[in-house]
Amino acid sequence: MIDDEAEAREAGAKGQEAGQYPVGRPCGAESITAAAGQTKAEVSRLMEAVIERSNVWSAYQKVVRNGGAPGVDGLTVGSFKDWLKRHWPCVRAALLDGSYLPSEVRAVDIPKPSGGVRTLGIPTVLDRLIQQALLQVLQPIVEPTFSASSYGFRPGRSAHQALRAAKHYVQEGRAWVVDMDLEKFFDRVNHDILMSRVARHVDDERVLKLIRRYLEAGLMRDGVETARDQGTPQGGPLSPLLSNILLTDWDCELGKRGHAFCRYADDCNIYVRSEAAGQRVMAAMKVFLDERLKLQVNEAKSACATPWKRKFLGYTLTNAGGHIRLKVAPHSVARLTDRVRELLRQGRGRSLTHTIETLNPVLRGWIGYFQLSESKTVWKDLDGWLRRRLRCLLWRQAKTRPRRTALLRKRGLPEARAWHSGHNGHGPWWNSGASHMNQAFPKAFFDRLKLVSMIETSRYLQRHS
DNA sequence: AGCCACCTTAC
RNA sequence: GUUGUAAGGUGGCU
């Protein structure tokens with residue numbers, strides 16, 4: 001595409017002559033006139049920065065690397081490069097004069113672990129590219145204005161930092177937390193309020209209009225388009241940044257009141273010293289959010305409680321004699337065990353080394369995120385549970401009594417004992433916890449097969465960070 | 001230093 | 001049919 005300037009220019013001339021705009025709907029009469037009544041010098045050049053060669057090129061690379069989905073017009077990533085080569089000059093021209101109209105976003109329902117469904121609005125490949133370019137330009141502009149207590153979706157900031165801050169606040173004696181979650185946040189964002197906040201940073205009207213058009217782009221479901229008058233499409237590269245721009249108002253309000261808080265996207269924890277204070281803050285924030293941002297609080301997921309009763313970013317806090325510690329939330333452990341069970345189901349027919357090989361990267365990744373957990377028992381329990389699961393698998397794979405006896409024999413158990421255990425008639429789970437299986441397949445056996453030890457790798461990660 | 005693949009989590 | 005931002009991990013290549 002833009003890596004061949006001459007070709008692009010040529011194609012551009014053709015495209016413009018034809019006056020055709022190939023993606024999205026044709027532009028109507030309401031094309032904006034950004035420069036009306038102004039001299040050229042007064043017009044903001046932000047859009048020029050957006051369509052700058054390097055920005056578009058890196059945006060392209062990112063979109064393609066992510067794999068992406070075909071656009072509503074059938075444009076796949078594979079054919080995207082060729083397509084863009086021909087049509088980019090035309091798109092570029094439309095962006096520059098403010099006449100570009102995004103296509104509808106494709107609706108994709110994904111089931112949530114909690115039971116409901118989350119509806120994604122996935123823009124076409126081209127629109128993802130343009131939004132990505134917008135993001136690259138806008139991010140550095142708005143980023144410095146964000147709160148130090150905002151941790152979500154921001155370069156250089158992580159959930160781990162938010163968790164450390166949360167722990168610190170509680171350790172300082174703020175033993176009550178106001179845990180607030182917004183009701184269907186992305187779907188309920190008010191366009192006018194959001195755009196007014198964006199306008200604080202952006203004065204190029206072409207860019208503002210473009211962002212608004214992205215907000216208003218219809219949702220395409222089964223060939224039927226539904227217009228959008230609120231919410232941002234979940235799945236657009238710009239959406240996370242927009243959410244932070246909007247919720248910065250909330251951060252400022254909390255900051256003005258002198259609160260200690262951590263916000264990660266729409267999940268905000270405010271740490272206070274008493275329950276009464278917490279209730280007060282909760283009530284005040286509900287009013288603030290409703291009046292200023294037109295946002296509702298999700299009552300089911302929000303509460304004022306002690307931190308040990310709430311979970312935040314997959315963790316909970318524990319209080320061991322005044323010593324505050326981070327711990328993996330039980331729910332997060334359950335999610336892992338579900339995943340492992342699923343992997344083991346698939347590994348029934350395969351060799352133990354193979355299932356361990358598929359298990360290891362998953363475990364390593366999980367440990368990486370939960371390495372802040374300061375409770376050793378979680379790791380020990382999981383290690384034990386994991387080995388027992390694998391013993392269970394081995395027992396199951398042996399299938400018949402003679403083969404189970406032979407398996408125990410091969411693993412060094414005396415003949416009589418092997419026979420007895422092999423014929424005991426109990427289920428696989430019972431046997432996986434029995435002493436004969438523990439002796440036949442001790443921890444050292446799994447160590448030799450390079451099964452990751454959760455306690456050791458977590459200790460290792462903790463040391464080297 | 002850089003690049004690539006795979007994996008995890010948060011929302 | 002799995003999008004987005006961000007952080008981290010493991011391995012590989014030059």
Side-chain angles (χ1 to χ4, degrees), chain A residues 59 61-63 65-72 76-77 105-114 117-125 127-129 131-132 134-136 138-139 142-143 146 150-164 166 180-182 184-187 214 219 221-222 232-245 247 262-269 298 301 311-315 328-329 331-333 335-336 339-340 343 357-373 450 452 454 457-458 460-462 464-465:
Chain A
Q61 289 198 313
K62 179 135 195 163
V63 165
R65 179 138 35 84
N66 284 356
V72 287
T76 64
V77 171
V105 295
R106 186 170 47 96
V108 172
D109 293 325
I110 60 168
K112 277 197 292 194
S114 50
V117 289
R118 198 161 69 104
T119 300
L120 260 42
I122 303 170
T124 59
V125 190
D127 285 320
R128 286 216 299 281
L129 179 140
Q131 284 195 43
Q132 183 64 45
L134 270 170
L135 176 70
Q136 274 158 11
L138 292 181
Q139 186 128 266
V142 296
E143 184 64 22
F146 289 161
S150 161
Y151 293 92
F153 312 137
R154 296 181 57 188
R157 308 198 134 228
S158 65
H160 283 175
Q161 290 174 8
L163 287 159
R164 274 191 254 264
M180 297 183 76
D181 189 276
L182 300 180
K184 300 220 183 73
F185 169 61
F186 279 97
D187 297 330
Y214 273 123
L219 191 73
R221 187 191 291 277
D222 306 324
T232 88
Q234 299 189 51
L238 211 49
S239 295
L241 183 74
L242 294 177
S243 79
N244 271 337
I245 290 176
L247 292 182
C262 302
R263 185 175 67 77
Y264 196 102
D266 68 330
D267 194 356
C268 186
N269 279 11
N298 184 340
K301 286 202 209 157
K311 75 176 183 63
F312 183 48
L313 306 180
Y315 283 79
V328 189
H331 180 74
S332 307
V333 177
R335 290 257 299 279
L336 177 70
R339 177 103 170 78
V340 169
L343 285 173
E357 267 168 24
T358 64
L359 217 48
N360 276 348
V362 177
L363 297 177
R364 271 192 240 274
W366 197 85
I367 296 165
Y369 181 73
F370 288 107
Q371 63 179 278
L372 295 188
S373 178
K450 297 278 187 286
V452 300
M454 303 202 83
T457 50
S458 70
Y460 174 86
L461 288 180
Q462 203 131 51
H464 295 77
S465 64

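Distance from the side chain of A/P111 is smallest to C/U2 among C/U5, C/U2, B/dA10. Checked against C/U2, B/dC11, C/U5, the side chain of A/I110 finds its nearest nucleotide in C/U2. Of all nucleotides listed (C/A6, C/G9, C/G4), C/G9 comes nearest to the side chain of A/L461. Of the candidate nucleotides B/dT8, C/U2, C/U5, C/U5 has the atom lying nearest to any side-chain atom of A/F153.
Using a 4.0 Å heavy-atom criterion, one finds that A/L241 contacts no nucleic acid atom at all. Using a 4.0 Å heavy-atom cutoff across all strands shown, A/N244 reaches no nucleic acid atom at all. At a threshold of 4.0 angstrom between heavy atoms, the contacts of A/R335 are confined to the sugar-phosphate backbone, with no base atom among them. Heavy atoms of A/Q139 sit under 4.0 angstrom from primed sugar atoms or phosphate atoms, though from no base atom. Counting any heavy atom pair closer than 4.0 Å across all strands shown, A/G152 reaches no nucleic acid atom. Among the heavy atoms of the strands lying under 4.0 Å from A/L120 is at least one base atom, whether or not backbone atoms are also near. Contacts of A/G156 with the nucleic acid, taken as non-hydrogen atoms under 4.0 Å apart, involve only primed sugar atoms and P, OP1 or OP2. Among the atoms of the strands shown, only primed sugar atoms or phosphate atoms (P, OP1, OP2) are found under 4.0 Å from some heavy atom of A/Q132.
In this entry C/U5 has B/dA10 as its Watson-Crick or G-U wobble partner, both defining distances falling under 3.5 Å.
Interatomic distance, CG of A/L313 versus CG of A/L163, reported as 4.5 Å (0.5 Å rounding). Within the model, atoms CG of A/L138 and CD of A/Q131 stand 10.5 Å from one another, a figure rounded to the nearest 0.5 Å. How far CD of A/Q234 is from CD1 of A/I110: 8.5 Å, rounded to the nearest 0.5 Å.
For the C1' atoms, the distance from C/G1 to B/dT8 is 23 Å, rounded to whole Å.
Note on A/K62: a side-chain N or O is less than 4.0 Å away from OP1 or OP2 of C/A6. Put simply, A/R65 has no side-chain N or O that comes within less than 4.0 Å of OP1 or OP2 on B/dA5. Within the 4.0 Å cut-off from OP1 or OP2 of C/G4, at least one side-chain nitrogen or oxygen of A/R128 is found.
Ring geometry for A/H160 versus A/Y315: interplanar angle over 60°, hence perpendicular rather than tilted (30 to 60°).
Rounded to an integer number of Å, the gap from A/Q161 CD to B/dT9 C1' is 15 Å. In this structure, A/R118 atom CZ and C/U5 atom C1' are separated by 12 Å, rounded to whole Å. With rounding to whole Å, A/I245 atom CD1 is found 14 Å from C/A6 atom P. As a whole-Å value, the separation of A/I122 CD1 from C/U3 P is 7 Å. Atom CG in A/L313 sits roughly 11 Å away from atom C1' in C/A7 (whole-Å rounding). Taking atom CG of A/N298 as the reference point, atom P of B/dC11 lies 13 Å away to the nearest angstrom. One can place CZ of A/R164 at 11 Å from C1' of C/A7, the figure rounded to the nearest angstrom. Here the P atom of nucleotide B/dC7 and the CD1 atom of A/I367 are 16 Å apart, to the nearest Å.
Heavy-atom nearest nucleotides on RNA chain C were determined for A/G235 and for A/P155, and the one closer to the 5' end corresponds to A/G235. Along RNA chain C, the nucleotide nearest to A/P237 and the one nearest to A/R364 differ in position, and the one closer to the 5' end is contacted by A/P237.
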Exercise. Decide salt bridge (Lys or Arg N to Asp or Glu O under 4.0 Å) for A/D267 and A/K301; before the verdict, give the C-alpha distance in whole Å, the side-chain angles of both, and the deciding distance to 0.1 Å.
Key: CA-CA 10 Å; A/D267 194 356; A/K301 286 202 209 157; over 6 Å; no

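With hydrogens and angles ignored, the 3.5 Å screen pairs no side-chain donor or acceptor of A/R364 with any backbone N or O of A/V452.
In this structure the side chain of A/Y369 never reaches within 4.5 angstrom of the side chain of A/S332, judged on heavy atoms.
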